[in-house]
Amino acid sequence: MKLDLLVLAVHPDDAELGCSGTIIKHIALGKKVGIIDFTRGELGTRGTIETRAEESKNASAIMGVHARENIGIRDGFFKNDEAHQLEVIKMIRKYQPEIVLTNALYDRHPDHGRASDLANDSIFLSGLRRIETELDGVKQEPWRPRLTLQYIQDTYIKPDIIVDISEQMEQKIAAIRAFKTQFDSSDENEPQTYISTPAFLQSVVARAREMGKNIGAEYGEGFTSRKLLGVESLFDLR
């Protein structure tokens, strides 16, 4: 399946927190969207690999994504090296997206910035025909997306572009809440964490309000770009 938009996320729930409003919006516009989770989030304080997988499935249904896979690299200890790049390259070549959204350039969680670099390097290398990959015994063709953006996570980074998600905000919160083990503080059998308290989800809403305010919208999601962005017409901007 060729996708229009592919989200690369190091942990299950990163896509929901960082860019699910944008995902939902583009699906409504008729675009095919998928998510590749790098790890199973096995180092998370709350929940298990099994519960995270089920929660990912539920969140995917809420968003309506067309495909979601987990490549199962090691949470917390993965490297931006050849072996890991080849695994990401296989997914890029499999889905041939026009646009990729991936983790923040840097963040409170060290996995996020490292995953962003892994994604960025893999995207470039995926376009080189002399790097040969196979998937299910079939040789893959080179592919390089035309645009890569990074969503903004816990640490504030000034965005280069903001997407209006005012109409998608309620659905975004529902997708986040699908990860009950991570964000439901009422479970007394699990320890409280930085992200499990009500204050964390309130901060997600506040960030979306802040982003939206900057473009005259109620809610927004911000993205950064490693390159300058161009438009055909100034009238495409608001």
Side-chain angles (χ1 to χ4, degrees), residues 2-23 26 31-41 43 65 67-133 135 140-163 211 221-231:
K2 184 183 181 336
L3 297 175
D4 299 299
L5 179 64
L6 180 64
V7 179
L8 302 178
V10 67
H11 304 120
D13 76 23
D14 281 355
E16 285 77 8
L17 287 166
C19 62
S20 57
T22 300
I23 291 172
H26 283 83
K31 302 298 184 182
K32 287 185 169 62
V33 182
I35 301 171
I36 302 298
D37 297 310
F38 288 178
T39 78
R40 294 184 173 88
L43 295 184
V65 297
R68 188 167 195 164
E69 295 192 47
N70 192 307
I71 59 176
I73 65 177
R74 191 180 178 194
D75 192 10
F77 295 97
F78 67 91
K79 297 179 180 179
N80 182 12
D81 59 11
E82 181 180 356
H84 290 85
Q85 289 164 1
L86 286 172
E87 292 304 310
V88 178
I89 288 169
K90 289 177 185 177
M91 294 296 101
I92 295 167
R93 290 177 172 179
K94 176 179 180 178
Y95 289 109
Q96 300 182 342
E98 298 298 319
I99 297 174
V100 169
L101 307 179
T102 192
N103 287 96
L105 293 169
Y106 56 88
D107 201 37
R108 171 180 176 270
H109 197 311
D111 279 3
H112 295 169
R114 192 162 71 256
S116 183
D117 290 337
L118 171 58
N120 183 69
D121 293 352
S122 299
I123 287 166
F124 180 84
L125 295 173
S126 180
L128 302 180
R129 68 183 181 87
R130 297 194 184 276
I131 296 178
E132 297 183 358
T133 57
L135 190 65
Q140 294 182 300
E141 295 298 321
W143 183 267
R144 186 177 295 148
R146 65 180 179 83
L147 176 64
T148 301
L149 299 173
Q150 299 80 40
Y151 40 90
I152 297 167
Q153 299 186 259
D154 190 67
T155 298
Y156 176 79
I157 303 174
K158 184 179 179 180
D160 295 308
I161 187 171
I162 297 174
V163 177
M211 292 292 182
E221 285 176 340
F223 299 88
T224 60
S225 175
R226 294 175 188 252
K227 69 174 186 178
L228 291 174
L229 301 173
V231 295

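Any value given below was found using the heavy atoms of this structure, including those in side chains, with hydrogens, waters and symmetry copies removed. Everything quoted here is computed from the prediction, not taken from an experiment.
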Donor-acceptor contact present, side-chain Gln153 to main-chain Ala104, <3.5 Å: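 At least one qualifying donor-acceptor pair exists.
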Polar side-chain atom of Ser122 near backbone of Ile89 as donor-acceptor pair, under 3.5 Å: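 A pair under 3.5 Å: no.
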Any salt bridge linking Asp75 with Arg40? Criterion: basic side-chain nitrogen under 4.0 Å from a carboxylate oxygen.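 Judged by the 4.0 Å cut-off on N to carboxylate O distance, Asp75 and Arg40 do not form a salt bridge.
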Give a yes or no on whether Glu82 atom CD has more than 12 heavy-atom contacts from other residues, nucleotides or ligands under 6.0 Å away.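 Open: at most 12 neighbouring heavy atoms sit under 6.0 Å from CD of Glu82.
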Please say whether more than 12 non-hydrogen atoms of neighbouring residues, nucleotides or ligands are located less than 6.0 Å from NZ in Lys79.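 Result for NZ/Lys79: open.
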Just one of Lys90, Gln85, His84 clears the side chain to side chain contact (heavy atoms under 4.5 Å, CB included) bar with Glu87, so which one?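 One option only clears the test, and that one is Lys90.
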Side chains of [X] and [Y]: donor-acceptor distance under 3.5 Å anywhere?
X      : Y      : value
Asp160 : Thr224 : no
Asp111 : His11  : yes
Glu221 : Thr22  : yes

Among Lys94, Glu141, Arg93, which one satisfies side-chain hydrogen bond (donor to acceptor under 3.5 Å, both in side chains) with Thr133?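 Looking at Lys94, Glu141, Arg93, the match for Thr133 under the side-chain hydrogen bond (donor to acceptor under 3.5 Å, both in side chains) is Arg93.
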Quick one: does Pro145's side chain get under 4.5 Å of Leu6's, heavy atoms only?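 They are not in contact (no side-chain heavy atoms under 4.5 Å apart), so the answer is no.
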Close side-chain approach of Ser116 to Arg226, heavy-atom, < 4.5 Å: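 Touching, per the 4.5 Å side-chain cut-off.
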